[in-house]
**Q** 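The structure's right below; bear with me while I get my questions together.
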Amino acid sequence: MSVFISHITTDAANAYALSEWWRVALDYLVDPEDPNEPGHEECMIFSRDGSHRLLFIEVPEPKRGKNRLHFDVRPSEHDRDEEVDALIASGATLAADHRNADGTGWATLADPEGNEFCVLRSLAEVERGPRAD
């Protein structure tokens, strides 16, 4: 058997609003031939190189409990803590803080609908290694 992941689907109370939040957070795009608009029940966004797609679908049920699957994101332009601050300023909330004094670890945030995701250290931070305080 051989399959590949076409896209990752996330349930949402408001597919458009959540897809827009993630589009900005990830610097993703929408299809200009089929743009996402308020009121759309299915909204797709995709990476700039087209290799990864996320689909947000409206469902009537509220989110209950911890996600069984979540995103781990890594900053591409800032360090982890700067990215955590920017995501919180844009509407995320801090769900759990697993950052260590030596700079290692991660922060678990929740998007505006409560879906958890983790913010890891940037690749530059990983290459620098732990801080020696």
Side-chain angles (χ1 to χ4, degrees):
M1 189 176 307
S2 179
V3 298
F4 68 94
I5 296 173
S6 170
H7 54 272
I8 298 171
T9 302
T10 301
D11 292 347
N14 183 325
Y16 174 73
L18 196 56
S19 72
E20 279 296 292
W21 189 87
W22 278 104
R23 183 187 62 75
V24 172
L26 296 170
D27 191 30
Y28 273 26
L29 303 169
V30 297
D31 183 350
E33 301 294 318
D34 184 20
N36 300 329
E37 296 180 1
H40 282 183
E41 294 179 356
E42 296 183 7
C43 295
M44 178 81 72
I45 60 173
F46 53 92
S47 61
R48 291 192 170 272
D49 67 2
S51 66
H52 186 251
R53 299 184 302 167
L54 296 173
L55 176 64
F56 298 86
I57 297 181
E58 286 188 12
V59 297
E61 305 86 15
K63 179 185 178 301
R64 291 192 175 104
K66 186 179 181 311
N67 295 12
R68 297 282 307 248
L69 175 74
H70 69 267
F71 303 143
D72 285 345
V73 300
R74 194 176 295 277
S76 55
E77 297 177 12
H78 304 287
D79 71 22
R80 179 202 56 213
D81 294 343
E82 290 170 327
E83 196 64 37
V84 166
D85 291 344
L87 289 163
I88 289 171
S90 75
T93 55
L94 183 65
D97 198 337
H98 303 282
R99 294 176 282 185
N100 301 311
D102 68 358
T104 60
W106 67 94
T108 302
L109 303 183
D111 71 19
E113 288 200 10
N115 301 300
E116 296 91 0
F117 64 100
C118 295
V119 181
L120 310 176
R121 295 186 304 154
S122 69
L123 292 177
E125 289 174 293
V126 171
E127 288 176 11
R128 284 194 300 265
R131 291 191 298 254
D133 291 336

**Q** With a 3.5 Å distance limit and no angle check, can you tell me whether Trp106 reaches the backbone of Val73 through a side-chain donor-acceptor pair?
**A**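 A pair under 3.5 Å: no.
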**Q** For the atom pair OG1 (Thr10) and NE2 (His70), what is the distance rounded to the nearest 0.5 Å?
**A**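 One finds 12.5 Å between OG1 of Thr10 and NE2 of His70.
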**Q** Do Tyr28 and Leu109 land in one hydrophobic cluster if side-chain heavy atoms of ILVMFWY residues count as linked below 4.5 Å?
**A**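 Per the 4.5 Å side-chain linkage, Tyr28 and Leu109 are co-clustered.
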**Q** Is any side-chain heavy atom of Ile5 closer than 4.5 Å to one of His52?
**A**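 Side-chain contact under 4.5 Å: no.
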**Q** Taking all atoms of both residues into account, what is the closest heavy-atom pair of Ser122 and Pro75, and its distance?
**A**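 Answer, listing the atom of Ser122 first, then Pro75: CB-O, 3.6 Å.
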**Q** Could you list the residues that satisfy side chain to side chain contact (heavy atoms under 4.5 Å, CB included) with His78, not counting sequence neighbours?
**A**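 Side chain to side chain contact (heavy atoms under 4.5 Å, CB included) list for His78, sorted by chain: Glu82, Glu83.
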**Q** Please report the interatomic distance SG(Cys43) to CD(Glu37), rounded to the nearest 0.5 Å.
**A**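 If I round to the nearest 0.5 Å, the distance is 9.0 Å.
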**Q** Taking the side chain from Asn36 and the backbone from Met44, do they hold a donor-acceptor pair closer than 3.5 Å?
**A**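 Flag set: sc Asn36 to bb Met44 pair under 3.5 Å.
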**Q** Taking the side chain as every heavy atom from C-beta outward, state whether Asp111 and Phe71 have any atom pair closer than 4.5 Å.
**A**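 Sidechains of Phe71 and Asp111: no contact.
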**Q** Can you find a heavy atom in the side chain of Ser19 that is under 4.5 Å from one in the side chain of Leu54?
**A**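 When only atoms from C-beta onward are counted, Leu54 and Ser19 do not touch, as no gap falls below 4.5 Å.
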**Q** Does Asp97 have any side chain to side chain contact (heavy atoms under 4.5 Å, CB included) partners at least two apart in sequence or in another chain, and if so, which?
**A**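 If we apply the side chain to side chain contact (heavy atoms under 4.5 Å, CB included) test to Asp97, skipping adjacent residues, the hits are Leu94, Arg99.
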**Q** Return the set of residues passing side chain to side chain contact (heavy atoms under 4.5 Å, CB included) with Ala96 (not counting sequence neighbours), or none when no residue passes.
**A**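 In terms of side chain to side chain contact (heavy atoms under 4.5 Å, CB included), with neighbours along the sequence ignored, Ala96 is linked to His98, Thr108.
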**Q** Should Ile8 and Trp22 be counted in the same cluster of Ile, Leu, Val, Met, Phe, Trp and Tyr side chains packed under 4.5 Å apart?
**A**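 Result: yes, single cluster for both.
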**Q** Check for me, please, whether Leu55 and Leu26 land in the same ILVMFWY cluster - side-chain distances under 4.5 Å, paths through other members count.
**A**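 Not linked; separate clusters.
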**Q** Under 3.5 Å, side chain of Arg121 to main-chain N/O of Arg74, donor-acceptor pair present?
**A**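 Flag not set: sc Arg121 to bb Arg74 has no pair under 3.5 Å.
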**Q** Do Arg131 side-chain atoms and Ala101 backbone N/O form a donor-acceptor pair below 3.5 Å?
**A**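 Yes; at least one donor-acceptor contact below 3.5 Å.
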**Q** State, to 0.1 Å, how close Ala110 and Phe117 come at their nearest heavy-atom pair, and which atoms those are.
**A**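 Reported closest heavy-atom pair: C-CE2, 3.8 Å.
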**Q** Taking the six-membered ring for Trp and the full ring for Phe, Tyr or His, determine whether the centres of Trp21 and Phe56 are under 6.0 Å apart.
**A**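 Not close enough - the centres of the two rings lie 6.0 Å or further apart.
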**Q** Which salt bridge (Lys or Arg N to Asp or Glu O under 4.0 Å) pairs, counting each pair once, include a residue from residues 41-64, with sequence neighbours left out?
**A**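 Of all non-adjacent pairs touching residues 41-64, those that pass salt bridge (Lys or Arg N to Asp or Glu O under 4.0 Å) are Asp27-Arg48, Lys63-Glu116.
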**Q** Can you spot which of Val119, Thr93, Val24 makes a side-chain contact (heavy atoms from CB on, under 4.5 Å) with Leu87?
**A**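 By the side-chain contact (heavy atoms from CB on, under 4.5 Å) criterion, Leu87 pairs with just one of Val119, Thr93, Val24: Val119.
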**Q** Distance-only, no hydrogens or angles: does the Asn100 side chain make a donor-acceptor pair with backbone N or O of Asp102 under 3.5 Å?
**A**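 Absent.
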**Q** Rounded to the nearest 0.5 Å, what separates atom CG in Asn115 from atom CG in Asn67?
**A**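 If I round to the nearest 0.5 Å, the distance is 5.0 Å.
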**Q** Of the non-hydrogen atoms in Asn14 and Glu113, which two are nearest, and what is the gap between them?
**A**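 Heavy-atom minimum between the residues: N-OE2, 2.9 Å.
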**Q** Output all residues satisfying side chain to side chain contact (heavy atoms under 4.5 Å, CB included) with Asp34, sequence neighbours left out; order by chain, then residue number.
**A**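 Listed in chain order: Asp31.
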**Q** Got a sec, which residues hit salt bridge (Lys or Arg N to Asp or Glu O under 4.0 Å) with Arg80, two or more places apart in sequence or on another chain?
**A**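 In terms of salt bridge (Lys or Arg N to Asp or Glu O under 4.0 Å), with neighbours along the sequence ignored, Arg80 is linked to no residue.
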